[in-house]
2 protein chains.
Amino acid sequence: MSASHRQIPGVNAERTRSHNRQMVLGSVRAAGAIGRAEIARASGLSTQAVSNIIADMLADGMLREHGRRTGGRGLPVQQYAINPSGGYGLGIEIRPNAVFSALIDLTGTTKHSHRTELTNNEPKTVLAEVAEHKFRALQDTGVRETSVLGAGVVMPGPFGATGIQNSGSDLPGWQDIDPQGLLEGALHLPVFVENDANASAMAERISGVAQGLETFAFLYFGQGLGLGLLQGGRLVSGAFGNAGEIGHIPVIAQGVPVALESCVSRLSVQAHLSAHGIDARDMDDLSRLYAQSAPPLLEWLDTAVQPFSAAIGIIENLFDPQVVILGGAMPDAVLDHLIDAVRLPDRSVSNRADRRQPRLMRGTSGRMTATLGAAALVLNQAFTPMIAASR
Amino acid sequence: MSASHRQIPGVNAERTRSHNRQMVLGSVRAAGAIGRAEIARASGLSTQAVSNIIADMLADGMLREHGRRTGGRGLPVQQYAINPSGGYGLGIEIRPNAVFSALIDLTGTTKHSHRTELTNNEPKTVLAEVAEHKFRALQDTGVRETSVLGAGVVMPGPFGATGIQNSGSDLPGWQDIDPQGLLEGALHLPVFVENDANASAMAERISGVAQGLETFAFLYFGQGLGLGLLQGGRLVSGAFGNAGEIGHIPVIAQGVPVALESCVSRLSVQAHLSAHGIDARDMDDLSRLYAQSAPPLLEWLDTAVQPFSAAIGIIENLFDPQVVILGGAMPDAVLDHLIDAVRLPDRSVSNRADRRQPRLMRGTSGRMTATLGAAALVLNQAFTPMIAASR
DNA sequence: CGTTTAACTCAACCAGCTTGAGTATTCAAG
DNA sequence: CTTGAATACTCAAGCTGGTTGAGTTAAACG
């Protein structure tokens with residue numbers, strides 16, 4: 001959100017431990033079940049160091065024993081796995097007229113979710129509502145407050161004076177304040193604020209179709225169209241946190257240059273249907289129309305395919321992701337239709353001979369994707385150390 | 001270059017020291033001259049820790065004393081600055097028919113540069129030539145071998161089976177080998193391989209117009225068109241190292257979808273001029289033509305402006321950079337013309353009210369930009385620790 | 001059944017950061 | 001001019017956390 005000149009922190013013993021704990025947790029998560037020696041080899045630490053960390057994390061309840069694996073030569077490996085109840089992530093999604101929340105455990109399983117309407121979206125009201133969601137999630141699940149590692153919050157963006165004001169989705173009264181600070185005050189938790197596309201990308205990484213992937217793009221159908229980018233497990237969010245505004249890139253439709261999201265987005269399909277006298281308010285309406293093969297919807301899909309294909313080509317060539325994932329507020333069937341209909345460009349860095357995955361996939365987090373993603377931000381933080389591979 | 005599953009390393013005392021040294025060097029570089037206490041405050045380390053590191057680096061010759069700064073209350077600050085001769089970066093640019101090299105000191109000043117023609121570009125010939133460049137650079141400057149921190153190497157990409165083979169710029173015989181390993185063997189130095197666009201971006205950060213910037217995009221005019229992306233001082237290079245292939249994104253020219261670089265690139269302008277009977281072999285020819293306001297060149301510029309503007313819009317909205325920088329094998333006057341003529345979209349996250357810098361700038365590294373950038377990769381490594389700010 | 005292999009533990013060690021006391025130097029106030 | 005506050009810096013002891021090397025356990029191999 002803020003700008004450029006953050007100072008890089010130094011490392012001392014305490015931060016070393018924190019990093020190494022995150023590294024171990026990430027290794028266990030990636031492997032499912034793994035022994036100490038293997039983590040030591042992979043990370044370059046000594047077995048003893050890993051052993052000490054694992055003992056710590058067993059005591060904390062973050063890990064649990066997971067049987068011995070035999071078959072090799074020497075002493076059978078004592079394996080460890082993530083203890084689901086070792087920690088939780090709270091996800092909050094704030095929309096102009098509603099608040100959603102989800103509580104997920106360390107393995108990404110949803111333990112609780114909830115939705116309330118907002119009568120107004122002034123900061124005071126929203127903060128109270130958000131605190132109430134947290135209270136309720138803890139009460140309904142019996143999770144202790146100290147087990148919650150943090151809260152991810154998804155809010156309408158972009159923030160700051162960006163030239164894309166009044167895009168219809170922003171919250172009045174939230175322009176010149178510090179949402180993170182306010183939310184930390186209301187929730188008494190570390191708070192991570194992100195936009196819907198970035199959070200959704202994280203949801204797919206933690207509990208969806210992108211598990212095991214580190215570098216991918218997530219194309220998010222919200223009101224408009226957003227893009228979440230992960231490189232090496234970290235979000236690429238630009239200098240001011242507004243990267244991924246793919247909806248605003250210029251494309252040519254019927255010979256006229258327009259914004260991509262005026263052809264490919266929920267608003268766009270709703271406008272098209274509305275012009276044909278069809279009122280499609282939500283995803284269920286769209287699902288029904290698609291199941292009925294409603295001609296105006298198929299028409300819209302036809303017009304959307306070409307700019308959509310162009311967008312995929314742009315994403316692939318600019319980011320070279322392992323895969324592009326589609327998701328958000330669009331029915332699965334419609335997304336699948338787009339994936340089938342798309343004409344992926346041959347001249348793309350992603351069109352490699354040795355691919356194993358498809359270039360395009362549909363996300364599996366469904367309509368709660370942004371809320372789950374908000375919670376996933378917290379887990380990602382717990383699994384991903386600060387240190388990046390040096391080369 | 002390689003794929004996804006690199007394991008995150010653990011941190012021990014040794015790596016802690018290495019990180020903190022890089023952090024200190026980066027702080028000194030960013031500040032120009034700075035004292036120990038200030039670095040300690042900014043990094044969160046104790047004064048003593050910083051003091052010890054600085055003592056080390058004075059002994060190594062990386063830093064030098066830079067007078068006391070008085071004016072405040074207490075004891076005047078003993079300041080330190082980068083010692084230019086404390087280390088050097090070697091940059092090598094390999095092209096199908098030539099090898100370029102540059103040696104830069106710790107402050108980014110070019111101490112030596114050289115060019116030789118290649119009669120063939122088999123690995124064996126090229127490796128011998130590259131080693132010869134290193135030998136010559138050291139001999140001509142008197143720099144000791146141990147002072148060279150590493151070598152950056154720029155080679156034609158993209159690598160791997162990417163669907164963009166035979167783009168005319170690749171090196172035959174280099175497809176199925178490990179360039180980094182071979183080069184390290186030939187040079188006896190740590191080697192960083194990058195493409196021309198990424199390296200050029202780094203040149204602007206180390207010694208050009210992007211000093212002090214951490215998140216920006218560099219649009220590189222080579223044979224085609226490439227894009228180098230830095231976020232937080234680190235390259236965004238995608239899952240397979242081929243991010244930034246902006247030349248291949250689809251745009252509409254005269255109603256037909258074509259690759260961007262078929263309208264905006266040196267090949268494109270040369271083709272256009274050639275169709276008008278003008279033979280423009282190199283940048284000097286183009287400069288002359290522009291100075292003469294040659295109508296075919298101005299014509300080409302007119303056709304290029306619209307797709308060029310679209311590309312800038314795409315870059316801004318996908319990356320949210322502090323600035324987009326133009327450079328590479330195109331005369332300054334032509335780049336300036338494009339910057340003047342461009343129609344920057346209003347609907348861009350970069351169109352913010354509180355901007356101080358222009359959205360578009362011309363790079364200052366000139367035609368040696370990729371070679372200097374290769375050398376700059378080494379310095380960036382020395383200045384940028386592995387650890388990223390945690391949020 | 002001994003040997004080899006591999007994982008793991010124990011205890012001593014070590015690198016590097018922190019802490020707290022002490023010194024040096026400048027400015028400001030009396 | 002003297003005294004005190006502020007600030008940078010150093011010294012030495014202490015602490016955290018990773019490393020090292022010897023020793024233990026258990027499975028597989030021959």
Side-chain angles (χ1 to χ4, degrees), chain A residues 8-25 27-28 31 33-60 63 65-81 385-387, chain B residues 8-25 27-28 31 33-60 63 65-81 385-387:
Chain A
I8 289 166
V11 178
N12 55 23
E14 187 188 350
R15 286 177 223 181
T16 295
R17 184 61 148 203
S18 157
H19 168 96
N20 287 344
R21 277 179 64 109
Q22 287 171 296
M23 181 275 296
V24 167
L25 203 55
S27 299
V28 174
I34 192 172
R36 306 166 195 219
E38 191 176 343
I39 296 175
R41 275 191 302 269
S43 64
L45 292 187
S46 62
T47 317
Q48 188 58 57
V50 174
S51 212
N52 294 340
I53 290 168
I54 284 188
D56 262 23
M57 297 180 79
L58 283 172
D60 292 355
L63 295 183
E65 297 193 349
H66 190 265
R68 291 188 172 273
R69 181 183 48 194
T70 180
R73 220 28 193 334
L75 197 157
V77 180
Q78 172 62 60
Q79 298 188 110
Y80 298 89
M386 299 177 294
I387 294 197
Chain B
I8 289 166
V11 176
N12 54 22
E14 188 188 349
R15 287 179 222 180
T16 295
R17 183 61 148 203
S18 157
H19 168 96
N20 287 343
R21 277 179 63 111
Q22 288 171 295
M23 181 275 296
V24 167
L25 203 56
S27 297
V28 174
I34 193 173
R36 306 166 195 219
E38 191 176 343
I39 296 175
R41 275 192 301 270
S43 65
L45 292 187
S46 62
T47 316
Q48 188 58 55
V50 173
S51 212
N52 293 340
I53 291 167
I54 285 188
D56 263 22
M57 298 183 76
L58 283 172
D60 292 354
L63 294 183
E65 296 193 349
H66 189 264
R68 292 186 171 274
R69 180 182 51 194
T70 180
R73 242 311 179 59
L75 195 152
V77 180
Q78 173 62 61
Q79 297 188 304
Y80 299 89
M386 300 177 294
I387 294 197

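Lettering of chains follows the sequences in order, A, B, ..., and the numbering in each one begins at 1.
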* Asked: Rounded to whole angstroms, how far apart are CD1 on A/Ile54 and C1' on C/dA7?
  -> 12 Å
* Within a strict 4.5 Å, meaning less than it, do heavy atoms of the A/Ile53 and A/Met23 side chains meet? -> no
* To do: Please report the closest heavy-atom contact between A/His66 and A/Gln78, naming both atoms and the distance.
  => N-NE2, 3.9 Å
* **Distance, rounded to the nearest Å, where B/Arg21 contributes CZ and C/dA15 contributes C1'** => 14 Å
* From the list D/dT16, D/dG18, D/dT20, which nucleotide is the closest neighbour of the side chain of A/Gln48? -> D/dT20
* Structure fact -> Here the distance between atom P of C/dC17 and atom CE of B/Met23, to the nearest Å, is 9 Å
* Asked: For A/Glu65 and C/dA7, what is the distance between atoms CD and P respectively, to the nearest whole Å?
  -> 17 Å
* Nearest whole angstrom, please: distance from the C1' of D/dT16 to the CG of B/Asn12. => 14 Å
* Asked: Any side-chain N or O of A/Arg73 under 4.0 Å from OP1/OP2 of D/dC29?
  -> no
* To do: Give B/Ser46 one of three labels, base, sugar-phosphate or nothing, depending on what nucleic acid heavy atoms sit under 4.0 Å from its own.
  => base
* Structure fact -> Considering only heavy side-chain atoms of A/Leu75, the closest of C/dC17, D/dT25, D/dG17 is D/dT25
* Under 4.0 Å between a side-chain N/O of A/Arg41 and OP1 or OP2 of C/dA7, yes or no? -> yes
* Structure fact -> Ranking A/Ala37 and A/Gly74 by the position along DNA chain C of their nearest nucleotide, the one closer to 5' is A/Gly74
* Asked: To the nearest Å, how far apart are B/Ile53 CD1 and D/dC9 P?
  -> 14 Å
* **Residue pair A/Val11 / B/His19: nearest heavy atoms and the distance that separates them** => CG2-CD2, 3.4 Å
* Name the nucleic acid region contacted by A/Arg15, choosing base, sugar-phosphate or nothing; use a 4.0 angstrom heavy-atom cut-off, strictly under. => nothing
* Structure fact -> Taking D/dG18, C/dT18, C/dC8 as options, the one with an atom nearest any side-chain atom of A/Thr16 is D/dG18
* Asked: Taking five pairs at each end of the helix from C/dC1-D/dG30 to C/dG30-D/dC1, what angle separates the two helix axes (nearest 10°)?
  -> 0°
* Asked: With a non-hydrogen cut-off below 4.0 angstrom, is B/Asn52 in contact with a base, only sugar-phosphate, or nothing?
  -> nothing
* **Side chains of B/Leu25 and B/Met57 in contact at under 4.5 Å (non-hydrogen atoms)** => yes
* Asked: Looking at D/dC9, does its base get a donor-acceptor pair with the side chain of B/Gln78 below 3.5 Å?
  -> no
* To do: Taking the side chain as every heavy atom from C-beta outward, state whether A/Ser18 and A/Arg21 have any pair of such atoms under 4.5 Å apart.
  => no
* Please check the phosphate of D/dC9 (OP1 and OP2 only) for any side-chain N or O of B/Ser51 closer than 4.0 Å. => no
* To do: For residues A/Val28 and A/Ile39, determine if any side-chain heavy atom of one lies less than 4.5 Å from a side-chain heavy atom of the other.
  => yes
* Structure fact -> Result for 5'-nearest mapping on DNA chain C, choosing between A/Ala13 and A/Arg68, is A/Arg68
* Tell me: CG of B/Leu45 to C1' of D/dC9, nearest whole Å? -> 16 Å
* So, is A/Asn20 near the phosphate of D/dG18, with a side-chain N or O under 4.0 Å from OP1 or OP2? -> yes
* Rounded off to whole Å, could you give me the CZ-to-P distance for the A/Arg69 and D/dA28 pair? => 13 Å
* Structure fact -> Between A/Thr47 and A/Glu14, the residue closer to the 5' end of DNA chain D by nearest nucleotide is A/Glu14
* Minimum heavy-atom distance between A/Ser43 and B/Arg15, given as atom pair plus value -> O-NH1, 3.5 Å
* Sub-3.5 Å donor-acceptor pair from the side chain of A/Asn20 to the main-chain atoms of B/Gly10, do we have one? -> no
* Side chain of A/Pro76 - closest among C/dC17, D/dA8, D/dA27 -> D/dA27
